[in-house]
Amino acid sequence: LLSSRPGLKKQPPPPPAIMSYEEYPEVQNLNIDQVKNLLQDEAGFEAFFHSLDAVQQRKSLNNEIQQRNMDTANLNLQLKDEIENLRKQVTELQDVTKKQKAELDAKVARKQELAERNSPEAVFKKLKEAVQEAEDQSDQLAEQFHSGDIELKKFIHDYTERRSLYHLRRQKLEHFNEKTNAPLVT
């Protein structure tokens with residue numbers, strides 16, 4: 001992932017092992033008096049030490065490593081902001097997804113409820129109940145007429161209306177039964 005990011009360099013090779021005496025030609029070329037003078041003059045020794053090619057190479061390598069570390073740190077800081085933004089986006093998308101899922105679940109539940117309420121069995125049951133209700137209402141009107149609670153003209157009008165409704169519903173029930181092969185129970 002990081003290697004595909006622009007500005008990211010490969011890691012530097014490990015520093016070489018500590019150099020041996022033979023690898024310091026400047027020291028090999030010194031005579032004993034020069035070595036004694038360097039050991040007695042601390043400032044001269046420091047200047048000589050820092051002038052050695054190996055020391056300068058190490059300083060250069062150190063500076064290069066520090067620069068790469070700084071570049072890596074800067075890249076990490078840049079990625080930190082990007083990662084934080086991506087985390088925020090993921091959180092927002094999760095919230096949207098949760099909301100949409102809740103809406104979907106509610107719609108699925110509503111669809112299931114409607115499917116059950118309007119299933120052939122439920123429609124048949126409702127129609128059957130409506131047939132029975134119309135028959136019960138017409139029977140009540142007949143009882144009211146026989147007991148003298150209702151006049152003939154009103155009875156004829158209401159009873160005819162209720163019986164017509166009963167026969168219409170009964171006919172629909174029979175037709176529904178033929179179409180769905182539902183058992184017709186009277």
Side-chain angles (χ1 to χ4, degrees), residues 1-15 62-186:
L1 175 72
L2 293 180
S3 63
S4 66
R5 297 281 184 190
L8 186 63
K9 299 177 185 175
K10 291 183 179 178
Q11 293 294 326
N62 234 8
N63 289 339
E64 186 180 330
I65 290 171
Q66 285 179 349
Q67 184 59 47
R68 287 182 181 178
N69 285 345
M70 288 295 294
D71 292 345
T72 301
N74 288 333
L75 180 62
N76 285 342
L77 288 175
Q78 291 172 358
L79 292 176
K80 180 183 175 194
D81 291 342
E82 184 179 340
I83 288 171
E84 274 305 311
N85 287 336
L86 290 172
R87 279 189 183 139
K88 286 178 185 176
Q89 289 176 6
V90 166
T91 300
E92 290 170 3
L93 290 173
Q94 285 174 333
D95 292 343
V96 168
T97 301
K98 285 178 186 176
K99 181 181 174 187
Q100 289 175 340
K101 184 176 181 332
E103 290 172 0
L104 177 65
D105 289 345
K107 288 178 180 179
V108 166
R110 176 73 175 141
K111 179 185 175 206
Q112 183 66 29
E113 175 190 330
L114 290 173
E116 288 174 7
R117 190 172 15 157
N118 296 316
S119 69
E121 295 82 15
V123 171
F124 182 78
K125 181 180 176 188
K126 288 177 192 175
L127 191 52
K128 193 170 146 186
E129 289 170 357
V131 167
Q132 187 61 45
E133 179 186 351
E135 185 173 32
D136 291 345
Q137 288 174 351
S138 64
D139 289 346
Q140 280 180 341
L141 282 172
E143 287 178 22
Q144 287 176 349
F145 177 70
H146 287 294
S147 64
D149 294 339
I150 192 170
E151 294 179 10
L152 178 63
K153 187 174 182 178
K154 179 155 178 58
F155 167 72
I156 293 173
H157 177 267
D158 290 350
Y159 187 79
T160 306
E161 191 176 284
R162 296 289 178 232
R163 288 312 285 180
S164 295
L165 182 60
Y166 165 78
H167 288 295
L168 178 65
R169 289 180 178 172
R170 180 72 184 175
Q171 184 181 20
K172 286 182 180 181
L173 184 64
E174 289 171 0
H175 180 71
F176 186 82
N177 182 46
E178 290 172 5
K179 293 290 184 190
T180 62
N181 294 325
L184 180 62
V185 180
T186 55

Between K88 and E84, does any side-chain N to carboxylate O distance fall below 4.0 Å?
no

Close side-chain approach of L77 and D81, heavy atoms under 4.5 Å:
no

Taking all non-hydrogen atoms of both residues into account, name the closest pair between A142 and F155 and its distance.
CA-CE1, 3.6 Å

Can you tell me if R169 uses its side chain to pair, donor with acceptor, with the backbone of A130 under 3.5 Å?
yes

CG of L165 to CD of Q137, rounded to nearest 0.5 Å, is 7.5 Å

Report yes if the side chains of E82 and Q78 come closer than 4.5 Å at any heavy-atom pair, otherwise no.
no

If you count every heavy atom of other residues, nucleotides or ligands that lies below 6.0 Å from H167 atom NE2, does the total exceed 12?
yes

For K99, is there an ion pair with D95 - N to carboxylate O distance below 4.0 angstrom?
no

Tell me if the CD atom of E151 is crowded by more than 12 foreign heavy atoms within 6.0 Å.
no

Before giving the answer on side chain to side chain donor-acceptor pair (under 3.5 Å), spell out for D136 and Q132 the whole-Å C-alpha distance, their side-chain angles and the decisive distance to 0.1 Å.
CA-CA 6 Å; D136 291 345; Q132 187 61 45; 2.9 Å; yes

Between R110 and E113 (salt bridge meaning N to carboxylate O under 4.0 Å), is one present in this structure?
yes

Could you measure the distance from the CG atom of N69 to the CG atom of N74? Nearest 0.5 Å is fine.
11.0 Å

Given Q112 and E116, is the side chain to side chain donor-acceptor pair (under 3.5 Å) satisfied, shown in steps?
CA-CA 6 Å; Q112 183 66 29; E116 288 174 7; 3.0 Å; yes

Chi angles and distances behind the side chain to side chain donor-acceptor pair (under 3.5 Å) call for D71, Q67:
CA-CA 6 Å; D71 292 345; Q67 184 59 47; 2.9 Å; yes

Run the numbers on T97 and Q94 for side chain to side chain contact (heavy atoms under 4.5 Å, CB included), then give the verdict.
CA-CA 5 Å; T97 301; Q94 285 174 333; 5.5 Å; no

Derivation and outcome, salt bridge (charged side-chain N to carboxylate O under 4.0 Å, His left out), residues K126 and E129
CA-CA 5 Å; K126 288 177 192 175; E129 289 170 357; over 6 Å; no

How close do R162 and L141 get, heavy atom to heavy atom, and via which atoms?
CG-CD1, 3.5 Å

For the CG atom of L168 and the NZ atom of K172, what is their distance to the nearest 0.5 Å?
4.5 Å

More than 12 heavy atoms from other groups under 6.0 Å of NZ on K125
no

Separation between CD1 of I65 and OG1 of T72, rounded to the nearest 0.5 Å
11.5 Å

Does any part of the side chain of F124, heavy atoms only, come nearer than 4.5 Å to the side chain of F176, both counted from C-beta?
yes

Between atom NZ of K80 and atom CG of N85, what is the distance when rounded to the nearest 0.5 Å?
12.0 Å

For the atom pair CD (E174) and CG (L127), what is the distance rounded to the nearest 0.5 Å?
10.5 Å

